[in-house]
Student: 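Here you go, one structure.
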Amino acid sequence: MIKQRITERLGSIVEKYCKEKGLTESISFAVEIPPKNIDADFAVNAAMLLAKKIKANPRVVAQEIINIIMSEMADFVDKADIAGAGFINLRLKNEILYKELAAIIEQKEKYGSLASNNKEKIMVEFVSANPTGPLHIGHGRGAAIGDSLARVLRHLGYNVTKEYYLNDVGNQMQVLAESVRLRYLQLKGDEVPFLEDGYKGEYIIDIAKRLISENKNINAIDFKKEAVKDILATIENDLKDFSVVFDNWFSEGGIAVDKDKNGKTEVDKACEYLQSTGNAYVQDEALWLASTKFGDDKDRVLKRSDGRYTYLASDVAYHKNKFERGFTKLVNLWGADHHGYVARIEACVQMLGFSKEALKVLLYQLVSLVRNGKPVPMSTRSGEFVPLKEVVDEVGKDACRFFFLLRAPDSQLEFDLELAKKQSGENPVFYVQYVNARCHSIFRESQNRTDLNTEPDFSLLNTKEERELMKQLSTFCDILALCEKTMSPHHFTAYLIELADIYHKFYEKCRVLGDDSKLTVSRLKLIEAVTIIIKNGLGLLGVSAPEKM
RNA sequence: GCGCCCGUAGCUCAACCGGAUAGAGCGUUUGACUACGAAUCAAAAGGUUAGAGGUUCGACUCCUCUCGGGCGCGCCA
């Protein structure tokens, strides 16, 4: 928030300066956090950029801008000086930090929320794993990223819907049904061979066992329906244990199977619409999507020559449906193995009359598993996959989510199962949670004091450690903005680790419960703000903030 | 063969539109508990940012090429 305000005010100063120098347009400069060895709160590169434009000495330009800053932003800036090639380094007035501290304490969990001015309807679609087996660890990464992103966007005031797209039609469903049926027969004693490409997991046998225990006639059993029912229940439960709850589960059957009064499905209608607008055409008895018109490298089949639709046709109809439900921004979170699909779905969105920006496809790299130094294959059909549930049960939901969000989605993530199972301080989540526990321990201890019935005076918070702490607390909003800009919540893990680091240093140097009542009360307020930010930040990541550990 | 992503400390990874001495955690070494939780802190060691060239005041970041890893290239989902 502070950074944003500084940027705005500097913007008008720079603009004014540009006019004075006869430039027709202003420049876009950056306000940054300087490296740790520099004793300043913010660094501005405007002078260097301007110097280039007006062909002047950057340090001279910097001095001229500093003169304006010192006269126009005296309420904000304590000190401004030139460094290096022409950086303008600013030191904030402490009063600004005190004000921010007060805002955190007053607004609590609402701090940083912009609920009033932003109501855009956003859909975040993620996980969307086929209902053919339990979620594995790769789905977990998508779940953690998607859910946390949704939490961040909600905190920023967007009207967010989390949706799971359910591919409950198609070949794989037949294979699933057949897999269960064959297991059922085998359990009954028939020596039928199993499908080579069938689903070989133990859960298939469990489903068959349940069906046998219900003692129904085999002809009365809808194997597909029963299998999907059990598997979905498992998926939903595993997600719940991972603190992920969807607002909506969208069935592909609803658009590919269900028909309106004219006997048409939504997929039929979407394809007709594309044809009517010249974006789909018939060739070799198949219906093609002219996706090359919007940047794809080849056109794609929507309807095969035998009359069956492809998966893409359903997906077109699905995205059309999303827009029809009033969403103006769609976020799709896909595993990187689907990246070849991005171009064609972006083409679809444009064919449906929306801008390319209305859809954001986020790819996350797959998780590679290591167990005892050996890579673990992860195909759902191999029967050797590692379920999300197994890892969550062993390392805990908090550690698991934090771990997934520790890295940028673009990075391949190596998940060492043996390492993840170690429930020790090696996991950074404990380091962050420990801050909260320590603060609450002090709160409990402070109950024994009778002299704390006085108003805080923030101006007593003037050590280097306290100032660092207040600064870090005040950048919470900047991290929110960064997550929005990059559409990734992972910045919060780094932020919280840094906050924890600063807090622990503060803890060593500044005793909270001291002889001076006024100072004690002020520091109690400071660490109250710390607990608020830790709890908010961890909350955005779907991680708990225990008061005792 | 073509396309997308990645390559940063021993390991796993950060680095906010291109910015200052590239940062954390783990691991290693050495210190610190008779006041709020040592799940902590202080200090040390560890780097030609895969390689080569280019753009510029300035490149981990942008461009070109090479090498290496992952993934994708079907009238499958």
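Chain letters run A, B, ... following the sequence lines, proteins first and then strands; every chain starts at 1. The shown structure was predicted, so the numbers you read here are calculated from the model rather than taken from an experiment.
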Student: Does A:F87 stack onto the base of B:rA20, taking stacking as ring centres under 5.5 Å apart and planes under 30° apart?
Tutor: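 A:F87 ring centre within cut-off of B:rA20 base, planes near parallel; stacks.
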Student: Between A:R304 and B:rC76, does any side-chain N or O lie under 4.0 Å from OP1 or OP2?
Tutor: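 The answer is yes; a side-chain N or O of A:R304 sits under 4.0 Å from OP1 or OP2.
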Student: Just N and O in the side chain of A:S411: are any of them under 4.0 Å from OP1 or OP2 of B:rA14?
Tutor: yes
Student: Could you let me know what B:rC41 is paired to, Watson-Crick or G-U wobble, both distances under 3.5 Å, or none if it's on its own?
Tutor: B:rG31
Student: Searching all strands shown, indicate the nucleotide that pairs with B:rG3 (Watson-Crick or G-U wobble; both distances under 3.5 Å).
Tutor: B:rC71
Student: Check whether any side-chain N or O of A:Y311 sits under 4.0 Å from OP1 or OP2 of B:rA77, and answer yes or no.
Tutor: no
Student: Taking a pair as Watson-Crick or G-U wobble with both distances under 3.5 Å, which nucleotide is matched to B:rG23?
Tutor: B:rC13
Student: Using a heavy-atom cut-off of under 4.0 Å over every strand shown, decide if A:N130 touches base, sugar-phosphate, or nothing.
Tutor: sugar-phosphate
Student: Return no unless some side-chain N or O of A:Y341 is found under 4.0 Å from OP1 or OP2 of B:rG3.
Tutor: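 The answer is no; no side-chain N or O of A:Y341 sits under 4.0 Å from OP1 or OP2.
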Student: Is the terminal nitrogen or CZ of A:R438 (NZ for Lys, CZ for Arg) located under 6.0 angstrom from the six-membered ring centre of A:Y507 and within 45° of that ring's axis?
Tutor: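 Yes, A:R438 and A:Y507 form such a contact.
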Student: Pick base, sugar-phosphate or nothing for A:A83, based on heavy-atom distances below 4.0 Å to the nucleic acid.
Tutor: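 Touches a base.
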Student: Looking just at side-chain N and O atoms, do A:Y281 and A:D299 make a donor-acceptor pair shorter than 3.5 Å?
Tutor: yes
Student: Between A:L333 and A:G146, which heavy-atom pair has the shortest distance, and what is it?
Tutor: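 Closest approach of A:L333 to A:G146: CD2-N, 3.3 Å.
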Student: Describe the nucleic acid contact of A:L482 in one word from base, sugar-phosphate, nothing, applying a heavy-atom distance below 4.0 Å.
Tutor: sugar-phosphate
Student: So, A:Q472 side chain and A:Y495 main chain: donor-acceptor pair closer than 3.5 Å or not?
Tutor: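 Yes; at least one donor-acceptor contact below 3.5 Å.
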Student: Go through it in stages, so that I can follow the logic: the residues are A:H319 and A:C348, the test is side chain to side chain contact (heavy atoms under 4.5 Å, CB included), and I'd like the CA-CA distance, side-chain angles, deciding distance and then a yes or no.
Tutor: CA-CA 8 Å; A:H319 284 80; A:C348 287; 5.9 Å; no
Student: Just N and O in the side chain of A:R407: are any of them under 4.0 Å from OP1 or OP2 of B:rC6?
Tutor: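 Result: no.
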Student: With both distances under 3.5 angstrom, what nucleotide forms a Watson-Crick or G-U wobble pair with B:rU55?
Tutor: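 Check on B:rU55: unpaired, no WC or wobble geometry under 3.5 Å.
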Student: Describe the nucleic acid contact of A:A343 in one word from base, sugar-phosphate, nothing, applying a heavy-atom distance below 4.0 Å.
Tutor: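 Since no nucleic acid heavy atom lies under 4.0 Å of A:A343, the category is nothing.
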Student: Reckon A:L363 touches a base, only the sugar-phosphate, or nothing at all at heavy-atom distances under 4.0 Å?
Tutor: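 Nothing: the residue A:L363, judged by heavy atoms under 4.0 Å, touches no strand.
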Student: Between protein and nucleic acid, restricted to nucleotides 68-70 of chain B and to nitrogen or oxygen atoms under 3.5 Å apart, what atom pairs and distances do you find?
Tutor:
from: B:rG69; atom 1: N2; to: A:Q412; atom 2: OE1; distance (Å): 2.8

Student: Under 4.0 Å between a side-chain N/O of A:H490 and OP1 or OP2 of B:rA15, yes or no?
Tutor: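 Affirmative; the distance criterion is met.
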Student: List for me each residue that meets side-chain hydrogen bond (donor to acceptor under 3.5 Å, both in side chains) alongside A:E346, sequence neighbours excluded, and say none if there are none.
Tutor: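 If we apply the side-chain hydrogen bond (donor to acceptor under 3.5 Å, both in side chains) test to A:E346, skipping adjacent residues, there are no hits.
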Student: Would you classify A:N171 as touching base, sugar-phosphate or nothing, given that sugar-phosphate means primed atoms plus P, OP1 and OP2, and contacts are heavy atoms under 4.0 Å?
Tutor: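 Sugar-phosphate, no base atom in range.
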Student: For A:D41, which of A:K79, A:R467, A:K3 qualifies under side chain to side chain donor-acceptor pair (under 3.5 Å)?
Tutor: A:R467
Student: Across the strands shown, which category fits A:D501 at heavy-atom distances under 4.0 angstrom: base, sugar-phosphate, nothing?
Tutor: sugar-phosphate
Student: Pick base, sugar-phosphate or nothing for A:T310, based on heavy-atom distances below 4.0 Å to the nucleic acid.
Tutor: sugar-phosphate
Student: Verify the contact: side-chain N or O of A:K485 to OP1 or OP2 of B:rC16, cut-off strictly under 4.0 Å; return yes or no.
Tutor: no
